[in-house]
Amino acid sequence: MRVAYGRVHTQGIENFWSLLKRGLNGTYVAVEPFHVDSHVDEQVFRYNNRKGKTDAQWVTKLFSQVAE
């Protein structure tokens, strides 16, 4: 069942969790519990910046948010 509130709906979170699980299982062989937050942060960044950007814009955005 899809419940929509404007542009937010349950399919969006289901899509995110699916991409997160595939990203963790496909990229990382074993994820330690104390690293999960870092991996989730990476996947959130990728999910939120997946559309409407060229590769150069995506990389520029990535490096602008890296802490020294």
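Fair warning: this is a prediction, and the values are worked out from it, not measured in the lab. Note that the numbering runs from 1 along the sequence shown for the chain.
Rounding to the nearest 0.5 Å places CD of Gln43 at 6.0 Å from CG of Leu24. Note that the CG atom of Asp55 and the CG atom of Leu62 stand 12.0 Å from one another [nearest 0.5 Å]. Rounding to the nearest 0.5 angstrom, the gap separating the CG atom in Asn15 from the OH atom in Tyr47 is 4.5 Å. From Thr60, atom OG1 reaches atom NZ of Lys53 across 10.0 Å, with rounding to the nearest 0.5 Å.
For Val59, the side-chain contact (heavy atoms from CB on, under 4.5 Å) criterion is met by Phe63, not counting sequence neighbours. Residues satisfying the ring pair (Phe, Tyr, Trp, His ring centres under 6.0 Å) criterion with His35, sequence neighbours excluded, are absent altogether. The side chain to side chain donor-acceptor pair (under 3.5 Å) test applied to Ser18 returns Arg22, not counting sequence neighbours. Partners of Thr54 by side-chain contact (heavy atoms from CB on, under 4.5 Å), not counting sequence neighbours, listed by chain and number: Ala56, Gln57.
Cluster annotation: Val44 and Ile13 are assigned to the same hydrophobic cluster (Ile/Leu/Val/Met/Phe/Trp/Tyr, side-chain heavy-atom contacts under 4.5 Å, transitive).
Listed by first and then second residue, the salt bridge (charged side-chain N to carboxylate O under 4.0 Å, His left out) pairs that reach into residues 35-49 are Glu42-Arg46, sequence neighbours excluded.
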